[in-house]
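What follows is a set of notes on a single structure, which appears directly below.
Numbers restart at 1 for each chain; the letters A, B, ... are given by sequence-line order, proteins then strands. Computed from a predicted model, the values in this text were never measured in an experiment.
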Protein chains: 2
Amino acid sequence: MFNKETEYALRGLVYIQLQNTNGRRPGIVEIAKEIEAPQFYTAKILQRMVKLGLVSSLKGKGGGFYFEEGKKDIPLEELIMQTEGNKTLTGCGFGLKQCDCENPCPLHEQYAPIREAINKLVSTETIQSLAKRYTLKSKTLL
Amino acid sequence: MFNKETEYALRGLVYIQLQNTNGRRPGIVEIAKEIEAPQFYTAKILQRMVKLGLVSSLKGKGGGFYFEEGKKDIPLEELIMQTEGNKTLTGCGFGLKQCDCENPCPLHEQYAPIREAINKLVSTETIQSLAKRYTLKSKTLL
DNA sequence: TTACTAAAAGACCTTTTTATCTTTTAGTAA
DNA sequence: TTACTAAAAGATAAAAAGGTCTTTTAGTAA
Ligand code: FES
Ligand code: FES
């Protein structure tokens with residue numbers, strides 16, 4: 001469904017939110033280990049997320065990644081647009097240059113509703129709503 | 001949605017079916033040009049499809065690609081499994097090693113129905129049904 | 001202010017995907 | 001049987017994705 005970068009960012013951010021709720025600011029070594037992702041690659045990705053303002057980080061002793069108090073929830077869509085652009089969410093399933101309802105490909109009628117459902121999912125769900133769901137069910141992240 | 005290989009194979013096969021219906025066996029140069037795909041790459045992909053038995057081809061003058069008379073329709077699923085394996089059709093949306101209904105990720109409840117819809121689409125639609133839809137609407141392939 | 005800690009930055013590497021080109025082989029038609 | 005045609009095969013390569021490692025910088029705590 002999504003590429004590795006999106007997956008690692010998604011799992012990483014959800015883990016950060018989860019730990020923040022417990023009053024902790026996890027560091028990259030811990031995050032990577034817990035979400036079973038390559039440490040340095042995940043670091044690079046999360047650093048990019050910080051630059052984009054999706055999450056914050058603090059250097060030095062006691063530092064780590066965290067979400068600012070009062071920051072509003074982050075829809076998955078925002079993340080996906082940064083990691084893979086809009087092709088996943090708006091592209092034609094048949095590979096045409098663009099999906100054009102006026103001149104639909106033979107997959108359009110069947111595929112468009114599915115793509116709509118995906119769009120609804122990623123605009124409704126947020127990093128925070130996923131984290132909350134984890135807290136409720138208290139499952140592992142793997 | 002799908003990768004380039006799948007897209008080129010899909011568009012190529014639909015084009016072949018479309019031309020077959022008109023009593024023609026298109027060659028690779030024509031196919032690539034019509035579906036706006038890189039010629040040699042498309043050739044390689046279609047040759048693989050021939051080896052897999054999804055389509056047939058004939059060398060020499062008057063040769064080209066074609067579907068055997070009486071061959072049964074090819075569901076898109078069959079093509080996708082060959083070009084990208086089952087990850088697209090059965091993988092976990094959150095990137096867990098596998099989607100496990102007993103131990104679902106926080107996306108599972110929302111994502112599983114969408115994945116189901118995709119599976120239904122690719123097992124119901126075939127190269128032939130897509131080609132027929134084109135014939136009916138007489139649209140271009142781009 | 002020192003020692004330590006953790007992220008930031010960026011160079012570097014590997015694998016996979018996507019793409020191109022040349023040579024060979026097999027077939028057709030005349 | 002010759003000339004031609006078109007796919008088959010496979011070497012090569014560019015680009016993108018995925019991943020690793022080292023050095024630097026900024027911050028904290030004691
Ligand atoms: S035109 Fe192909 S999905 Fe809309
Ligand atoms: S467990 Fe993630 S989609 Fe089913």
*How would you list, by chain and number, every residue that makes a salt bridge (charged side-chain N to carboxylate O under 4.0 Å, His left out) with B:E30, sequence neighbours excluded?*
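Listed in chain order: B:R24.
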_Qualifying residues under salt bridge (charged side-chain N to carboxylate O under 4.0 Å, His left out), relative to B:K87, sequence neighbours excluded_ =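 Here the qualifying residues are A:E7.
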*Difference in axis direction between the ends of the helix from C:dT1-D:dA30 to C:dA30-D:dT1, five pairs, 10°*: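 About 20°, once rounded to a multiple of 10°.
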*Spacing of A:K87 atom NZ relative to D:dA17 atom P, expressed in whole Å*: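 The answer, rounded to whole Å, is 11 Å.
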*Calculate the interatomic distance between A:K4 atom NZ and D:dT20 atom P; express it in whole Å.*
12 Å
*Which residues share a side-chain hydrogen bond (donor to acceptor under 3.5 Å, both in side chains) with A:N3, sequence neighbours left out*: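 By the side-chain hydrogen bond (donor to acceptor under 3.5 Å, both in side chains) rule, A:N3 matches A:T6.
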*Show your reasoning for whether salt bridge (Lys or Arg N to Asp or Glu O under 4.0 Å) applies to A:R48 and A:E5.*
CA-CA 11 Å; A:R48 208 180 137 227; A:E5 192 179 342; 2.8 Å; yes
Qualifying residues under side-chain contact (heavy atoms from CB on, under 4.5 Å), relative to [X], sequence neighbours excluded:
X: A:F40; value: none
X: A:A112; value: A:H108, A:R115
X: B:S129; value: B:E125, B:T126
X: B:P113; value: none

*Anything under 4.0 Å to a heavy atom of chain B counts; send over the first and last such nucleotide of DNA chain C, read 5' to 3'.*
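Nucleotide range with atoms under 4.0 Å of chain B: C:dT18 to C:dA29.
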_Check against salt bridge (Lys or Arg N to Asp or Glu O under 4.0 Å), B:E36 and A:K97_ = CA-CA 10 Å; B:E36 285 201 16; A:K97 279 166 213 137; 2.9 Å; yes
*Salt-bridged, B:R133 to A:E109, with N to O below 4.0 Å?*
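Salt bridge between B:R133 and A:E109, a charged N being under 4.0 Å from a carboxylate O: no.
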*Test item: A:T88 side-chain N/O and A:E84 main-chain N/O as donor-acceptor pair under 3.5 Å*: no
*Under the 3.5 angstrom rule, does the side chain of A:T124 hit a backbone N or O of A:L121 as a donor-acceptor pair?*
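It does not hold such a pair.
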Output side-chain donor-acceptor pairs under 3.5 Å for residues 55-74 of chain B, partner residues at least two apart or in another chain, one line each.
| residue | atom | partner | partner atom | Å |
| --- | --- | --- | --- | --- |
| B:S56 | OG | B:E68 | OE1 | 2.9 |
| B:K71 | NZ | B:G53 | O | 3.4 |

*Return the residues of residues 52-75 of chain A meeting this criterion: a heavy atom under 4.0 Å from some atom of DNA chain D. Order them by number, or give none.*
A:K59, A:G60, A:K61
Which protein N or O atoms sit under 3.5 Å from an N or O of nucleotides 9-11 of chain D?
| residue | atom | partner | partner atom | Å |
| --- | --- | --- | --- | --- |
| D:dA11 | N6 | B:K44 | NZ | 3.0 |

_Side-chain N,O (A:Y8) to OP1/OP2 (D:dG19) below 4.0 Å_ =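 For A:Y8, the contact criterion (side-chain N or O under 4.0 Å from OP1 or OP2 of D:dG19) is met.
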